[in-house]
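Below, all heavy atoms of this structure are taken into account, side chains as well, without hydrogens, waters or symmetry copies. Whatever order the structure lists them in is the order used to number ligands and atoms, beginning at 1. Since we're looking at a predicted model, the values are computed, not measured.
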Amino acid sequence: MDRIYLSPPHLGRHELNYLHKAVEDNWIAPAGPNITGFEAELCTATGAGHAVALVSGTAAIHLGLLLLGVGVGDEVLCPSFTFVATANPILYCGATPIFVDSEADTWNMCPERLREAIEDRLRLGKKPKALLLVHLYGMPAKLDELLALAEHYDLPVLEDAAEALGARYRGQPLGTFGGVGVFSFNGNKILTTSGGGALVTNNAALAERARFLATQAKDPAPYYQHSQVGYNYRLSNLLAGIGRGQLELLGDRVKRRREIFGWYQEHLASLPSLVVAPAAEPTGSYSNRWLTTVLLATGPTPSVTPETLRQHLETRNIESRPLWKPLHLQPLFATAPMYGGAVCEDLFARGLCLPSGTAMTEEDLLRIARALREAL
Ligand SMILES: *Cc1c(COP(=O)(O)O)cnc(C)c1O
């Protein structure tokens, strides 16, 4: 039986045309019409004022932190329950992540724990430099509450929307709420350029500075002069071409991811020990349902754990993955402060990501549901 992957790339019919044109016109460089086109189309798709195409979402987060002024010795508030790529760039800046627990509705940063964290850091005499928000698995964080706190405490916001392209909060696309927003076009994301990312902002000066830093920070001189550290973070014109083809499909892809989530909800409803979650979108939230995730019921001695379930699916040649292991439990961040922790630790202990690729057929889904039923 063919392998069913977790979230493989799903190409349309136009990516190759953009690639073909780039090769014909000799635009094989980290500059060219596909990059400017991709950036303009990303602005149209998200409503952002400016977009800067970059080599990865991680690079975009790194530049985003620099744009918000994060430097050596600073502290950055960050959810613990996320992929390591959210927090690694905090370390690149020589700063320290201050981890905050999730809330149970959306699995994203808990506003109550965030308030505690901010007040405690202030009490310790150190004001956090920025707030890094994540919309996990495409589900909007509780932005009303979180942004109110950011405003009250005057904290600039960086929005890691790497998993949330096409999702909305009160009708507004995610990625456009913070001073800077970030998307990823890695191979497993809802749209892909194989590898790539973008930074979006409504501030023209910040966008200009992002481009400057992403291209080795060249001073305006007729020769090579540099007075600041720069990076080589610009996306290739070839990959931006793939991105243009992919972006045409965003609406379809979000629709299909949401259908897949609904399919699992319906067809797994009879399994008492497993629930598709987070089930409900809070009022005003529209998730892209990038990955469908499930939680196993708790019990004193569960016979089925996420790992045994994953191993059983593997025997049927079906890929599944654990939820992100909280960052405060990672050896890398052993000394970073953490506020709360019980919520995301419980989610990690009970959760699993199911195949969610938009090219899956009904037979694929039935095969997955059958394998889950066998295991449970
Ligand atoms: C994928 C991802 C990133 C990193 O994006 P890359 O393009 O792979 O560097 C950052 N944050 C989250 C939450 C992600 O899922």
Asn202 (side chain) donor-acceptor with Thr176 (main chain) under 3.5 angstrom
no
Examine distances only and state if a side-chain atom of His328 and a backbone atom of Ala336 form a donor-acceptor pair shorter than 3.5 Å.
no
So which heavy atom in the protein is nearest [atom], and how far is it from that ligand atom?
{"atom": "atom 15 (O) of ligand 1", "result": "Glu163 OE2, 2.5 Å"}
{"atom": "atom 1 (C) of ligand 1", "result": "Lys189 NZ, 1.5 Å"}
{"atom": "atom 9 (O) of ligand 1", "result": "Thr58 OG1, 2.5 Å"}

Before we go on, tell me: are the rings of Tyr231 and His62 under 6.0 Å apart, centre to centre?
yes
Region of Asp160 engaging ligand 1 - heavy atom pairs below 4.0 Å:
side chain
Output the list of atoms in ligand 1 that are nearer than 4.0 Å to some heavy atom of [X], sorted by atom number.
{"X": "Ser56", "answer": "7 (O), 9 (O)"}
{"X": "Gly196", "answer": "7 (O)"}
{"X": "Thr82", "answer": "13 (C)"}
{"X": "Ser184", "answer": "1 (C), 5 (O), 6 (P), 7 (O), 8 (O)"}
{"X": "Ala162", "answer": "2 (C), 3 (C), 10 (C), 11 (N), 12 (C), 14 (C)"}
{"X": "Ala85", "answer": "3 (C), 4 (C), 10 (C)"}

Passing option when Phe38 is tested against Phe183, Tyr18, Phe185 for ring-ring contact (aromatic ring centres under 6.0 Å, His included)
Phe185
After noting the C-alpha distance and the side-chain angles of Leu133 and Val157, does the key distance pass the side-chain contact (heavy atoms from CB on, under 4.5 Å) rule?
CA-CA 7 Å; Leu133 294 179; Val157 174; 3.9 Å; yes
May I ask you to decide whether Glu119 forms a salt bridge with Lys126, counting only side-chain N to carboxylate O separations under 4.0 Å?
no
Taking 4.0 angstrom as the limit, do Lys255 and Asp252 come out as a salt bridge?
no
Could a heavy atom of Gly195 be found less than 4.0 Å from some atom of ligand 1?
no
Can Arg258 be said to sit on top of Tyr286's aromatic six-ring, NZ or CZ under 6.0 Å from centre and within 45° of the ring axis?
yes
Are any of the N/O atoms on Gly57, whether in the backbone or the side chain, positioned under 3.5 angstrom from an N/O atom of ligand 1?
yes
